[in-house]
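Input: a single structure, listed below in structure tokens.
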Amino acid sequence: MPELAEVAFHSKAWLPAIGDVIEEVLFNADKRCCKSLVAERIQSDLVGESLEELHTHGKRMLFKFSGQCCLSVHLGMTGSLHCSSLPLSRSKFDHFTFCTKEGGFIFRDPRQFGKVELFVGEEIPEWWRLLPPEVLDLMFNFELFESYCERRKRRPLKAFLLLQECFPGVGNWMADEILWQSRLKPNRLVSALSSEERLQLFNSLKAVCRGAMDTVGVDYSDPPESWLFRHRWKPGGNCPQTGDPLARETIGGRTTCWSPSWQA
DNA sequence: AGCTCTGTTATCTG
DNA sequence: ACAGATAACAGAGC
């Protein structure tokens with residue numbers, strides 16, 4: 001599930017851990033999502049420390065602990081974070097958990113496309129600080145957007161929007177929503193856009209990220225009824241604007257939903 | 001039984 | 001070298 005706003009929401013599940021001493025860490029390094037974790041490092045770097053800060057960037061999360069380490073978490077396709085009271089009841093898909101006196105803080109991921117990694121160092125890791133601006137950041141302006149368009153001319157718009165190095169946090173449903181709101185067909189090439197269309201796309205990109213953060217990101221509620229979001233997976237779903245049937249096709253390697261009578 | 005899924009990456013191809 | 005396309009990962013739901 002997790003795109004920009006889902007990630008922001010999930011990260012808050014570990015908020016109650018802030019300030020409490022970590023007494024125990026449970027994980028299985030055989031699992032793909034934890035394969036870079038080394039038991040001895042986890043014990044020496046995390047046990048006895050406490051969670052200090054929580055950051056998100058696109059689909060990534062970073063948890064800073066006292067001492068000298070950060071945990072980076074990516075939720076992949078099916079990852080989620082949970083806070084559980086003690087004693088812990090563990091599901092078979094709980095691959096990483098740390099416990100304080102108050103509770104257990106869980107990373108759960110059935111398909112294991114997500115990832116938990118430990119970074120040791122004084123401060124926030126260098127690679128985190130070098131991530132590109134988020135879409136809602138002031139730094140993310142039309143000039144930057146146009147420079148991305150210049151470098152990715154040959155991509156269909158759908159594949160373009162999914163590039164995390166350009167639009168951190170945008171995933172499959174958000175990309176479809178952005179294209180629907182900007183009235184552009186997903187298979188159009190970036191190079192085929194007029195400057196007016198590029199501006200439409202830029203504005204919808206900002207609007208969808210903002211709208212998602214204000215709904216999903218706050219309490220996991222759905223975006224407005226007027227959005228494509230509510231209609232796109234319904235069998236026989238219709239365009240909220242024209243009432244005509246929605247189309248579905250694989251574009252840019254992902255199933256894509258759009259409204260042929262609304263998007264050009 | 002077979003196909004799908006809101007993600008990423010290694011490995012092809014041109 | 002580089003941009004874009006594809007397969008693979010693992011499990012559950014239809």
Side-chain angles (χ1 to χ4, degrees), chain A residues 1-11 28-36 56-61 72-81 90-96 107-117 127 131-132 134-135 147-181 186-192 204-205 208-209 211-213 215-217 220-224 227-237 246-258:
Chain A
M1 315 236 309
E3 301 180 20
L4 180 76
E6 285 91 350
V7 170
F9 177 80
H10 272 283
S11 71
N28 184 352
D30 294 339
K31 298 295 178 183
R32 177 190 149 85
C33 46
C34 293
K35 68 179 192 305
S36 78
T56 68
H57 184 289
K59 295 174 189 171
R60 300 172 186 275
M61 300 185 269
S72 104
V73 177
H74 194 296
L75 297 177
M77 287 280 263
T78 54
S80 56
L81 297 189
R90 304 186 68 197
S91 117
K92 62 188 283 206
F93 303 124
D94 293 353
H95 303 309
F96 182 97
F107 166 80
R108 180 175 297 161
D109 186 6
R111 288 176 70 183
Q112 299 180 60
F113 289 4
K115 200 180 284 181
V116 177
E117 292 168 288
W127 64 265
L131 293 171
E134 291 197 276
V135 174
S147 77
Y148 290 152
C149 292
E150 278 306 306
R151 287 168 175 275
R152 307 292 186 164
K153 286 174 178 298
R154 305 279 311 157
R155 291 241 177 197
L157 294 178
K158 175 62 183 276
F160 179 53
L161 289 172
L162 290 174
L163 294 171
Q164 297 302 293
E165 66 267 36
C166 300
F167 316 113
V170 173
N172 206 28
W173 81 254
M174 291 181 75
D176 285 355
E177 187 72 44
I178 291 162
L179 290 167
W180 181 79
Q181 292 196 17
N187 60 359
R188 291 271 298 278
L189 294 187
V190 174
S191 59
S204 299
L205 183 56
V208 168
C209 288
M213 290 300 277
T215 53
V216 182
Y220 230 80
S221 57
D222 286 340
W227 283 28
L228 177 66
F229 180 93
R230 304 258 198 147
H231 310 265
R232 63 191 298 270
W233 287 131
K234 286 186 197 163
L246 295 169
R248 215 184 280 188
E249 191 183 321
T250 298
I251 299 171
R254 307 298 301 278
T255 299
T256 299
C257 175
W258 80 98

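By convention in this document, chain letters (A, B, ...) are assigned in the order of the sequence lines, proteins followed by strands, and residues within each chain are numbered from 1. All heavy atoms count here, side chains included; hydrogens, waters and symmetry mates do not.
- Qualifying side-chain hydrogen bond (donor to acceptor under 3.5 Å, both in side chains) partners for Arg188(A), counting only residues two or more places apart in sequence or in other chains: Glu197(A).
- Put simply, CG on Asn187(A) is 12 Å from P on dA5(C), counting in whole angstrom units.
- Only Arg152(A), Arg154(A), listed by number, bring a heavy atom of residues 147-154 of chain A to less than 4.0 angstrom from any atom of DNA chain C.
- Counting to the nearest Å, the C1' atom of dA5(C) and the NZ atom of Lys158(A) are 15 Å from each other.
- For His10(A), the ring pair (Phe, Tyr, Trp, His ring centres under 6.0 Å) partners at least two apart in sequence or on another chain are Tyr220(A).
- Within 4.0 Å (heavy atoms only), Pro110(A) reaches sugar-phosphate atoms of the nucleic acid but no base atom.
- More than 12 heavy-atom neighbours from other residues, nucleotides or ligands sit within 6.0 angstrom of CZ on Arg90(A).
- You'll find the side chain of Ser80(A) stays beyond 4.5 Å of the side chain of Asp109(A), heavy atoms only.
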Could you run down the sub-3.5 Å N/O contacts of the protein with nucleotides 8-11 of chain B?
{"residue": "dT8(B)", "atom": "OP1", "partner": "His74(A)", "partner atom": "NE2", "Å": "2.8"}
{"residue": "dT8(B)", "atom": "OP2", "partner": "Lys59(A)", "partner atom": "NZ", "Å": "2.9"}

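- Distance Leu163(A) CG to dA5(C) C1': 13 Å, rounded to the nearest Å.
- When the salt bridge (charged side-chain N to carboxylate O under 4.0 Å, His left out) test is applied to Lys158(A), the partners found at least two apart in sequence or on another chain are Asp176(A).
- For the strand DNA chain C, secondary-structure stems (runs of at least three Watson-Crick or G-U pairs, all distances below 3.5 Å) span B:2-5 with C:11-14, B:7-14 with C:2-9.
- The CD1 atom of Ile251(A) sits 12 Å away from the P atom of dT6(C) (whole-angstrom rounding).
- The distance between atom CE of Met77(A) and atom P of dA8(C), rounded to the nearest whole Å, is 16 Å.
- A search for side-chain hydrogen bond (donor to acceptor under 3.5 Å, both in side chains) contacts involving Arg108(A) returns Asp94(A), not counting sequence neighbours.
- With sequence neighbours excluded, the residues forming a side-chain contact (heavy atoms from CB on, under 4.5 Å) with Lys31(A) are Asn28(A), Cys33(A), His95(A), Gln112(A), listed by chain and number.
- The side chain of Thr255(A) has dT4(B) as its nearest neighbour among dG7(B), dA5(C), dT4(B).
- Between the CH2 atom of Trp233(A) and the P atom of dT4(B) there is a distance of 11 Å, rounded to whole Å.
- Taking the side-chain hydrogen bond (donor to acceptor under 3.5 Å, both in side chains) definition, one finds that Trp173(A) meets it with Glu6(A), sequence neighbours left out.
- If you measure from atom NZ of Lys35(A) to atom P of dC9(C), you get 13 Å, rounded to the nearest angstrom.
- The listed nucleotides are dG11(C), dA5(C), dC5(B); the one nearest the side chain of Pro156(A) is dA5(C).
- In this structure, the CG atom of Asp109(A) is 13 Å from the C1' atom of dC5(B), given to the nearest Å.
- By the ring pair (Phe, Tyr, Trp, His ring centres under 6.0 Å) test, Phe160(A) pairs with Phe167(A), sequence neighbours left out.
- Shown here are the side-chain contact (heavy atoms from CB on, under 4.5 Å) partners of Ser147(A), two or more places apart in sequence or in another chain: Leu144(A).
- The list of salt bridge (Lys or Arg N to Asp or Glu O under 4.0 Å) pairs with a residue in residues 160-170 of chain A, not counting sequence neighbours, reads Arg152(A)-Glu165(A).
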